Amino acid sequence: MEDNKPTSVEQNQKLVFAVNGERIELSSVDPPSTTLLQFLRSHTRFKSVKLSCGEGGCGGCNVLLSKFDTKNKQVVDYTVSSCLTLLCSVNGCSITTTEGLGNIKDGFHSIHQRFAGFHASQCGFCTPGMCVSLFSALVNSDKIHRPEPASGLSKLTASEAEKSISGNLCRCTGYRPIADVCKSFAADVDMEDLGLNSFWKKDAKLHKLPFYDPKQVITYPEFLKKECESQMVLNYQNNSWYSPLSVEELGSLLESISAENGVKLKLVAGNTGTGYYKETEYYNRYIDLRFIPDLSTIRKTGSQIEIGATVSISELILALKEERNSDLILGGDVVFKKIALHLEKIASKSIRNVATIGGNLVLAQRNNFPSDIATILLAVRSKVTILTGVKKEILTLEEFLEKPALDSRNVLLSVVIPSLKPTENGYSEHIKTKLLFETYRASSRPLGNALAYLNAAFLAEICNGDDGVVINRIRLAFGSFGVKHAIRASKVENYLVGKKLSVDLIYEAVKLLRVAISSENGTSHPAYRSSLAVSFLFDFLFPIVDVDGRNHTPPCDYPGTGSRLTNDDCERMTLLSSAKQLIESSHENYPVGEPVIKSGAAIQASGEAIYVDDIPSPLGCLHGAFIYSTKPLARVKNIKLKYENDVNSIVTFQDIPKGGDNIGIKTGFGPEPLFCNELTQCTGQAIAFVVAETQKDADVAADTAIVDYDVEGLEPPILTVEQAVEKSSFFEVPSFLYPSQVGEFSKGMAESDHQIYSVEIRLPSQYYFYMETQTTLAIPDEDNCMVVYSSIQAPEYAQGVIARCLNIPEHNVRVITRRVGGGFGGKAMKAMPVATACALAAYKLRRPVRTYVNRKTDMIMTAGRHPMKINYTVGFKSNGKITALHLDILINAGMSPDVSPIIPWHMIGSLKKYNFGAFTFDFKVCKTNHSSKSAMRAPGEVQASFIAEAVIEHVASRLSLDVGLVREMNFHSFDSLKLFYGNTAGEPSEYTLPIIWDKLMKSSNFEYRVEMINKFNKNNIWRKKGISRIPILQDVSLRATPGKVSILNDGSVVVEVGGIELGQGLWTKVKQMTTYCLSAVQCDGVRGLLEKVRVIQADTLSMVQGGLTAGSTTSEASCEAVRLCCNVLVARLVSLKEKVKEQTGSVSWELLIRHANMHSVNLSASSFFVPESASMRYINYGAAVSEVEVNLLTGETKILQTDIIYDCGQSLNPAVDLGQIEGAFVQGIGFFMTEEYLTNADGLLVADSTWTYKIPTIDTIPKQLNVQILNSGHHKNRVLSSKASGEPPLLLAASVHCATRAAIKEARNQLFSWNGLDALDSFFQLDVPATMPVVKTLCGLDNVEFYLQSLLSRS
């Protein structure tokens, strides 16, 4: 707020700040575009700030920024995205990363301990950012005037605690355990509501949690406070960074700089705009606007408010929420609070904390940014003041938005929201005059961090007379629908003013509005956006219309931005409800079977876990970035670099050594080139690898490179599977991988009573979205060797590819992988070309070369899941029993085979989940000019399971039968299971699906909920619920895996396995298995052996034949390999132990190992586990019930509850398996509901950022997620009777899609009833993903009009 106290200012020629309490002073920053993240990662030892998106969209780089408020003499703390924060802007500030909270040496912070203890960290790459976000919320809650909480808790509410990480992305955990960590600090938490953790099994008590001390961490050191007694302002002598202190000084600066030739100037405050508009230019001058009082304060005069342009969104939210005089409650105060609530749904907290109001409006004006702020301010008659040179100009916001685009010589100074009381500014003083104001936005994420499909704000003055409600004045503002900037629907406004509100008036108004809201060509979902505008206006006006004497006022006066007619009990206060996690620990093979904390979880939380990009750069290290093709089939004539001087070298296929191969990927089905030769085969194919001194220089050079293409004389590219069929462009599926048909299709069809012919389903791709993008460090070594650190799931494969490319023996290539920040299949084959390109560049230049592929390039080059086109023909009896099913499946493999020929084999295992009678199919793996698709978590299986459900749903719809009954009618008996799956079916006792199905029916209270949903749907017009229960069957197979166990002199144990730790808990299970097996020696005190075991990084020259970590079974295979090693060691030690025992009476582990060394016992054993053919395959079973609620006005789908039961056999670690089940399920939600994989006409991915590609977040997962792990008994052919958990649960997410379909069916029945039509036989396909536009389209883009028509026809 405005403060007229004078503030002393100190001009600094040096940048001074602190990081985790350590003072840092810089005499220069070159270049001034250096971000805080770049500095921290390259110039300090603090590597916890992770670069994941570079857009402020993931939270992985969050740090706490603290500064001293010299006016109020207090420290201000807030999170910022360090990837967007300019280093020069932190002058006088203190930065706290997660390392600053605690560490392994000095002791972990309670946040770190709780993340580990609640099993809330898997791959761990996102965990440091999560910790900082939570810590910031805790620090700021301590400043709130609330009652003091119990010792060990904070002042946060559970709702605030959950929302503290709403701007953070996680691809592994499914968020539920992270939310529990956050809520464990809340003052109002019920400890019994918290999920599975290592702190208690029963009797949840606060004192059992690691103690939280709010004074443990000092965020702003005293030495900095003394230096910053006056405000510190940075002005570098080289004129690269200015910090003017007045508008006059700013005007003079602008004039003097504009007189200089060739100077590129940038005005900065929060710098968050670079997260959306990537910076590919270099600037000579930066002017920091934050220290000009006129730009950084908020002034209030009566009910008018003036907002300085550099006021942050968070600061404005606080100011708008402040209580004011009661006489304003009916006017501006309500408006301000509703604006504040809307602003909280823009971006994420770390962005809102520094993003400025002025910056947002300038981006809207200059770059056509789809701004919510512009729309809201337009509705409330705002004005702006701009500075051009030394001249000020006041404009209405409409005039400002219509002006030619501003340049850096024009500065927005302030925004004014005028008085909004209905009795002022010419408004009527009638006693019943009332001001109405609402804001709206429809976006893929309720809590923001997503652009709106449409935003709107409406301000109206209405008069309540004896004859009804009359609109005196109204302003209708709309934005973000594919136009240059926010607009007013003036024709609709003019039509409404002065008229009495009625159903007929609203009907005519929405017809006018549909014409007014028209998107520009190329805008996605234009009809949906227009429909939203109608929904919002209807929602605004209809509650105050008197229809048949009924009161349509909503049940509660919730001032939110969602549809008021569809608010559920004033909206839920917390995001997630208490959920149940039911597990059974097994003590039989201790510690195997125990919910042991994931190995490394605490150091992941504290930021001390080392990923590839955290390895310090060797001396002389260079950085690389890919130039990729934007044409699917074209000759590359030339590459022109815009910033040639910043590039050290360009590496292409021509740099491959003599005798080496142009190879980037190697599979059993064929290679894929590292670079295109002269002809590109797809968009996203690597053309060249640019090498520069810094990663930013390499990225900018690659991004701005101009590639000259030529397509003359070339055939058109094959971009669809239909074109591939037409041209017979296929990859061969080896006969031994082509699945066997079941039964005779013609006979099955003859037995059927009903038939459905040739129905088409299309399934899209899905991007991996691991939090750590592809990364490699290649270091030339002696004797023509190469050491490569790679984030890869298959180091051995990379070793072979690099050796072939460089034409050197494989023993000259050493690939090392410690841990991977998420893989999901994308770090298997697709990591190889990244490692190979770095190795080739290092080989050519004889210098270390590393790359950290930026998110956009990673998304475009790595591709993802296989898109498919499916046609099915099915015959069935009148009772729903299917007698025959035939599938024609076209799989889009892309330009090279990768692993695509194995996808049919994967699909059939999940397709056969039902007894289809006769089951036949025809698979074609299509070769197209798209980037090659690779295995992604549950490859083929997730699509196959969905296809089976789609067939079942269609049969049920055709027969008007309950879909659950049709599912059960087609369940396998054990005999049919044996017929479909052969020996993989195992023994009858292993077929646990019928038990799971019945158990889930009871535990989920399914029948009662169906009744309640039916009642709900009858009583609610604009909300419909749906529920669905589906089963899964997925067969998996084990692969041969090596292992090595060595016991060191002090009794500690080091283990090597072929499997890679991706976050799936492989190391943890291996440690448990090692401890269990070595405990067979039966030494005294062997219970502490678990802490003596360490699993070390994969090294291809140490552990050969490591193979591929994939398919969910590598953990158990690695455990079995370790068990074989341990059995050898135990055999060697047992006889010695007996001899020692005779001498000493008791034998500790350490004593035994000392004697073993003295007697030259070999304390190292290697093994190679090869599964027996009879037991290498088995089936996983599970089932899920999901309940959703669909908003018919917006198409938003809320997942209310999911209940899962999954058979893990005898779980090796139920805590780890629980995390895998929840994480896989939520990733499946992304595929089925939110992740829209959009490409242009050439096949180039355009959903290539966190702005456009939306994985699930904490506000889009089930409100309640209940999981039970079924310990199904002993399976003699399994590894200690365990079963896989990594991939099969992903298939269960189809239950959400099916439940959404059920809700839409109710909406369509209602829509048809308004039309007077019968909808009982109406079948529809629900696309994947079922995004808001898809759902709304099926519910009726014109459902509001039909509803109003039905009211008019009744009247």
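It should be emphasised that the depicted structure is a prediction, and the values quoted were computed from it without experimental measurement. These numbers come from the heavy atoms of this one structure, side chains and all, not from hydrogens, waters or symmetry mates.
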* **Heavy-atom side-chain contact between I1229 and P1262 under 4.5 Å** => yes
* To do: Starting from the C-alpha separation in whole Å, work towards a yes-or-no answer on salt bridge (Lys or Arg N to Asp or Glu O under 4.0 Å) for K155 and E148.
  => CA-CA 7 Å; K155 292 181 182 179; E148 287 299 317; 3.3 Å; yes
* Polar side-chain atom of N1213 near backbone of G593 as donor-acceptor pair, under 3.5 Å -> no
* Asked: Does the side chain of L1066 reach to within under 4.5 Å of the side chain of V1057, using non-hydrogen atoms?
  -> yes
* Asked: Roughly how far, to the nearest 0.5 Å, is the NE2 atom of H109 from the OH atom of Y212?
  -> 6.0 Å
* To do: Go through the side-chain N and O atoms of E99 and S48 and say whether any donor and acceptor fall under 3.5 Å apart.
  => yes
* **Heavy-atom side-chain proximity of M771 to C170 below 4.5 angstrom** => no
* Listed by chain and number, what are the side-chain contact (heavy atoms from CB on, under 4.5 Å) partners of I24, not counting sequence neighbours? -> F17, V19, L26, F39, T44
* Could you tell me whether R146 atom CZ has more than 12 heavy atoms of other residues or ligands within 6.0 Å of it? => yes
* To do: Would you tell me whether Y770 and D858 have side-chain atoms, one donor and one acceptor, within less than 3.5 Å of each other?
  => yes
* To do: Report the C-alpha separation of T1250 and E55 in whole Å, then their side-chain angles, then the decisive distance to 0.1 Å, and conclude whether the side-chain hydrogen bond (donor to acceptor under 3.5 Å, both in side chains) test is met.
  => CA-CA 7 Å; T1250 56; E55 300 168 336; 2.5 Å; yes
* Side chains of E772 and S791: do they bring a donor and an acceptor to under 3.5 Å? -> yes
* Asked: Hey, does the Lys NZ or Arg CZ of R818 hover above the aromatic six-ring of Y789, less than 6.0 Å from the centre and inside 45° of the axis?
  -> no
* Asked: Between E1056 and Q1097, do the side chains contain an N or O donor and an N or O acceptor separated by less than 3.5 Å?
  -> no
* Asked: Donor-acceptor pair, R1094 side chain versus V1054 backbone, under 3.5 Å?
  -> no
* Cut-off 3.5 Å, side chains only: do N20 and T97 have a donor facing an acceptor? -> yes
* **C126 side, atom SG; N168 side, atom CG - distance, nearest 0.5 Å** => 7.5 Å
* Taking the side chain as every heavy atom from C-beta outward, state whether K349 and K163 have any atom pair closer than 4.5 Å. => no
* Between S1052 and L1048, is there a donor-acceptor pair closer than 3.5 Å when you use the side chain of the first and the backbone of the second? -> no
* Full working for ring pair (Phe, Tyr, Trp, His ring centres under 6.0 Å) between F125 and Y611 -> CA-CA 8 Å; F125 202 78; Y611 300 83; 5.1 Å; yes
* To do: Only counting residues at least two apart or in another chain, list the ones meeting side-chain contact (heavy atoms from CB on, under 4.5 Å) with T272.
  => L84, I351, V354, A355
* Side-chain donor or acceptor of E162 paired with backbone N/O of L576 under 3.5 Å -> yes
* Asked: Hey, does T1260 have a side-chain heavy atom less than 4.5 Å from the side chain of P446?
  -> yes
* To do: Kindly indicate whether the side chain of P795, heavy atoms from C-beta on, has any atom under 4.5 Å from the side chain of I1060.
  => yes
* **Candidate pair F824 and F769, rule ring pair (Phe, Tyr, Trp, His ring centres under 6.0 Å), full reasoning** => CA-CA 9 Å; F824 318 115; F769 216 106; 9.8 Å; no
* Criterion side-chain hydrogen bond (donor to acceptor under 3.5 Å, both in side chains) on S166 and D1259, from CA distance to verdict -> CA-CA 7 Å; S166 63; D1259 52 342; over 6 Å; no
* **Audit row: E594, K1069, salt bridge (Lys or Arg N to Asp or Glu O under 4.0 Å) steps and yes/no** => CA-CA 10 Å; E594 291 292 317; K1069 290 180 176 179; over 6 Å; no
* Would you verify whether the NZ or CZ of R114 falls within 45 degrees of the ring axis of F185 while also being under 6.0 Å from that six-membered ring's centre? => yes
* To do: Would you confirm whether S89, through its side chain, and L86, through its main-chain N or O, come within 3.5 Å as a donor-acceptor pair?
  => yes
* To do: State which residues pass side-chain contact (heavy atoms from CB on, under 4.5 Å) with E608; sequence neighbours excluded, sorted by chain then number.
  => N103, I104, F108, I603, S606
* Going through the distances and angles, do R176 and E1222 end up as a salt bridge (Lys or Arg N to Asp or Glu O under 4.0 Å)? -> CA-CA 8 Å; R176 195 273 314 158; E1222 292 180 338; 3.1 Å; yes
* Does a donor on one side chain sit under 3.5 Å from an acceptor on the other, for S133 and S164? -> no
* Asked: Could you go step by step and tell me if S314 and R352 meet the side-chain hydrogen bond (donor to acceptor under 3.5 Å, both in side chains) rule?
  -> CA-CA 5 Å; S314 289; R352 293 195 300 268; 4.7 Å; no
* Asked: For the atom pair OG1 (T96) and CZ (F46), what is the distance rounded to the nearest 0.5 Å?
  -> 10.0 Å
* To do: Using atom types as modelled and distance alone, determine if a side-chain donor or acceptor of Q122 lies under 3.5 Å from a backbone N or O of Q1064.
  => no
* Any donor-acceptor N or O pair under 3.5 Å, side chains T127, S121 -> yes
* Asked: Between the side chains of D77 and S66, does any donor sit under 3.5 Å from an acceptor?
  -> yes
* Asked: Should I610 and I615 count as side-chain neighbours, where that means a heavy-atom distance under 4.5 Å?
  -> yes
* **Side-chain H-bond candidate by donor/acceptor type, Q1264 with S577, under 3.5 Å** => no
* To do: Nearest 0.5 Å please: distance from the CZ atom of R45 over to the CG atom of D614.
  => 14.5 Å
* How long is the gap from CZ on F115 to SG on C131, to the nearest 0.5 Å? -> 4.5 Å
* Kindly indicate whether the side chain of L224, heavy atoms from C-beta on, has any atom under 4.5 Å from the side chain of P221. => yes
* If you measure from OG on S348 to CG on N62, what distance do you get to the nearest 0.5 Å? -> 7.0 Å
